[in-house]
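Below is one structure; the comments refer to it alone.
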There are 2 protein chains.
Amino acid sequence: MTDDRPVYLRLRDRIAAMILEGRVRDGDPLPSVRSLAADFGANPLTVAKAYQTFQEEGLVTVKRGVGMFVAPGAADRLRTAERKDFLENRWPRIVSHMRMLGLDTEDLVERALA
Amino acid sequence: MTDDRPVYLRLRDRIAAMILEGRVRDGDPLPSVRSLAADFGANPLTVAKAYQTFQEEGLVTVKRGVGMFVAPGAADRLRTAERKDFLENRWPRIVSHMRMLGLDTEDLVERALA
DNA sequence: TGCGGTGTATTAGGAGACCATCACGCTTAT
DNA sequence: ATAAGCGTGATGGTCTCCTAATACACCGCA
């Protein structure tokens, strides 16, 4: 209801949040696909699909038979990429939508600090 | 690429924008499903599906064999509903996402709506 | 009355996401 | 050496959603 996006994308967001919020740092081990699958009530392959998107960007390194680890500088690179995507793609649309709805600046900022 | 959402939802946004921006007013005829389909390169039934979401909310009235028309007070009701949805559901997530990225919400909002 | 416009019910196709299963190769700890 | 845990590959199936093609029912006007 609240989020109808695919499971593997929500998992991707969860993993990204762990890195961006510093809950896991460079070189730290990430949760195994099996444990994350158990936590999330999902299939291990679905979790693997989420991790795969980070591997392709070199943000996590894989040691076969051991696990997945945060790549060096992953947090910075991820933050840079996410900022760029947000500011260049998402934010302009959000702004035009807000203008179309005639939303007030004070109202938005006020709610943002709640 | 830039928007992977279903066609009927993008059409819904386009129709909503026509109403919210006052390009069509109460009682005005809306583009026929066939003409909109031709413009958008979509199927007439896909357009009909977009219109259907507005019918269910009573924002457009249907005259079979004639066309679709903007219902009385549609713009106001639509604006109210869209504002509520944005402020209650979308905006909080956007704000938390900006915080995670270390972006200044207040600064961005003021620049955007200046 | 006939024609061209309208919306729409039916039906079917296709794509994507997700899960289940089995198996394999790898590494680490016991 | 053995066992346990790890990521990964190959299949296959199911489910949901989106989209499409066809055909039909309706209305207004010449």
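Order of the sequence lines sets the chain letters (A, B, ...), proteins ahead of strands, with each chain counted from 1. Small disclaimer: the values here were computed from a predicted structure and weren't measured.
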Check your understanding: Can you name the salt bridge (Lys or Arg N to Asp or Glu O under 4.0 Å) partners of A:D104, sequence neighbours left out?
Key -> none
Exercise for review: Look at the side-chain heavy atoms of Ile, Leu, Val, Met, Phe, Trp and Tyr, link any pair under 4.5 Å apart, and say whether B:V109 and A:L103 land in one connected group.
Suggested key: yes
Check your understanding: Near DNA chain D, under 4.0 Å by heavy atom, which residues of residues 50-63 of chain A?
Key -> A:Q55, A:V62
Study note, to complete from the structure: Hits for side-chain contact (heavy atoms from CB on, under 4.5 Å) against A:D85, two or more places apart or cross-chain, chain-then-number order -> A:N89, A:R90
Practice item. Taking side-chain hydrogen bond (donor to acceptor under 3.5 Å, both in side chains) as the test, write out the residues that go with B:R111, two or more places apart. Key: B:D107
Review point. Who passes side-chain contact (heavy atoms from CB on, under 4.5 Å) against A:A75, sequence neighbours left out?
Key: A:I19
Revision key, fill the gap. What residues 32-49 of chain A contributes to the DNA chain D interface at heavy-atom separation below 4.0 Å is A:S32, A:V33, A:R34, A:L45
**Study point:** Within residues 29-43 of chain A or reaching into it, pairs that qualify as side-chain hydrogen bond (donor to acceptor under 3.5 Å, both in side chains) - sequence neighbours excluded
**Key:** A:S32-A:S35
Less than 3.5 Å apart, which donor and acceptor atoms pair up between the side chains of residues 44-72 of chain A and the rest of the protein, not counting sequence neighbours?
residue, atom, partner, partner atom, Å
A:Y51, OH, A:P31, O, 2.7
A:T53, OG1, A:A50, O, 2.7

Exercise for review: Any pair with a residue in residues 9-23 of chain A that passes side-chain hydrogen bond (donor to acceptor under 3.5 Å, both in side chains), sequence neighbours left out, goes on the list, sorted by first then second residue, please.
Suggested key: A:R5-A:D13, A:R12-A:E82
Exercise for review: Could you list where the contact with chain B starts and ends along DNA chain D, reading 5' to 3', using a 4.0 Å heavy-atom cut-off?
Suggested key: D:dC18 to D:dC27
Exercise for review: Run the numbers on A:H97 and A:R93 for side chain to side chain contact (heavy atoms under 4.5 Å, CB included), then give the verdict.
Suggested key: CA-CA 6 Å; A:H97 196 251; A:R93 300 191 192 193; over 6 Å; no
Review point. Can you name the side-chain contact (heavy atoms from CB on, under 4.5 Å) partners of B:A81, sequence neighbours left out?
Key: none
Exercise for review: With a 4.0 Å heavy-atom cut-off, tell me which residues in residues 6-16 of chain B come close to DNA chain D, sorted by residue number.
Suggested key: B:P6, B:V7, B:Y8
Practice item. Please lay out, stage by stage, how B:L108 and A:V95 fare under the test side chain to side chain contact (heavy atoms under 4.5 Å, CB included). Key: CA-CA 10 Å; B:L108 285 173; A:V95 170; over 6 Å; no
Check your understanding: B:V7 and B:A42: which non-hydrogen atoms are nearest, and at how many Å?
Key -> CG1-CB, 4.0 Å
